[in-house]
Asker: 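Below is a structure I'd like to ask you about.
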Amino acid sequence: MAVVLKGPEELQRMRIAGRLASEVLDFIAPHVRPGVTTGKLNDLCHEYMVQVQGTVPAPLNYAPPGYRPFPKSICTSVNHQVCHGVPGERVLKTGDILNIDITVIKDGFHGDCSRMFYVGEPSIQAKRLVEVTFECMWLGIRQVRPGARLGDVGAAIQAHAEKHGFSVVREFCGHGIGRKFHEEPQVLHYGKPGVGVVLEPGMTFTIEPMINAGKAGIRELADGWTIVTKDHSLSAQWEHTVAVTEAGFEVLTRSNGTVAAP
Ligand code: MF3
Ligand code: CO
Ligand code: CO
């Protein structure tokens, strides 16, 4: 299976799906406060997607090979949770950091993005991890142009994370996206410049580095989905869906609440 290139009409539909995914994050941001449960955030997002946007929450019942169906409509990953956190009864408290990852389907196409949120005041270390991870995502995005290689993206991310004493999660990566949630290519968040898939206009993929304050190792919880750091160190992640354009890149997951590029 090769990388699926998108033409102008498909890109227009990806833009709409991307904006809608980002608008779910805008919608939920004011609800991220001490005392709220991750399950409540899920329910609010689910209603917004289905009733207001007319989008389909892609995570709900998503079941890639080897996984049980994901039981909720969004992913909420708190503190040492790396990704794929399953919303539930957990109550957020001041000082928590939280990733909310939204994927919607609209008109047959997927939009996938995530942001970090602070619950109350973050620790200095947590804030630094979140900021460096955001910079990592953007350093990766800025590598995207025709003729560049995916190794350039991964290397830029890895260098920045490690310069700050943080580590890059290896087991999960960005991914091609379009009519399918996860398609080719795999977008590693580490690697060597000048190697890997050569980028071409019309490619659409996510860049979504997961960066740990401690060691890179992870493990999966018994729910079959939630990924945590082995050493219990904090982890952060940001995600955009991007398209390769003639001029370089276009971020497809943009809305009013999108955090400005550094
Ligand atoms: N949105 C995640 C990603 O960025 C995937 C979540 S899969 C789920 O690729 F089933 F956990 F939702
Ligand atoms: Co993704
Ligand atoms: Co995602």
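Ligands are counted one by one from 1 in listed order, and the atoms in each one are counted from 1 as well. Just so it is clear, the model here is predicted, and its values are computed rather than measured. Starting from 1, each residue takes its place in the sequence as its number.
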Asker: Please test Ile227 against Met210 for side chain to side chain contact (heavy atoms under 4.5 Å, CB included), starting from the C-alpha separation and ending with a verdict.
Answerer: CA-CA 11 Å; Ile227 304 298; Met210 286 141 274; over 6 Å; no
Asker: If you leave out waters, which protein N, O or S atoms are less than 2.8 Å from the Co ion (ligand 2)?
Answerer: Asp112 OD2, His175 NE2, Glu208 OE2, Glu239 OE2
Asker: Please check if the side chain of Gln158 supplies one atom and the backbone of Gly191 the other of a donor-acceptor pair under 3.5 Å.
Answerer: yes
Asker: Quick one: sort the Phe181 and His110 rings into parallel, tilted or perpendicular, breaks at 30° and 60°.
Answerer: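 Ring orientation of Phe181 relative to His110: parallel.
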Asker: Using a strict threshold of under 4.0 Å (side-chain N to carboxylate O), is an ion pair present between Asp96 and Lys93?
Answerer: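 Judged by the 4.0 Å cut-off on N to carboxylate O distance, Lys93 and Asp96 do form a salt bridge.
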Asker: Applying the side chain to side chain contact (heavy atoms under 4.5 Å, CB included) test to Cys113, which of Thr241, Leu25, Leu252 qualifies?
Answerer: Leu25
Asker: State whether the number of non-hydrogen atoms from other residues, nucleotides or ligands found under 6.0 Å of Gln53 atom CD is greater than 12.
Answerer: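 Check passes, neighbour count above 12.
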Asker: Ligand 1: which residues have a non-hydrogen atom closer than 4.0 Å?
Answerer: Pro59, Tyr62, Phe70, Cys75, His84, Asp101, Thr103, Asp112, His175, Phe181, His182, Glu208, Trp225, Glu239
Asker: Run the salt-bridge test on Asp26 and Arg115 with the 4.0 Å N-O cut-off and return the result as yes or no.
Answerer: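 The answer is yes: the pair qualifies as a salt bridge.
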Asker: So His175 and Asp112, do their side chains get closer than 4.5 Å, heavy atoms only?
Answerer: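 When only atoms from C-beta onward are counted, His175 and Asp112 do touch, with a gap below 4.5 Å.
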Asker: What I want to find out is whether Asp107 reaches Arg13 closely enough, with some N-O distance under 4.0 Å, to be called a salt bridge.
Answerer: yes
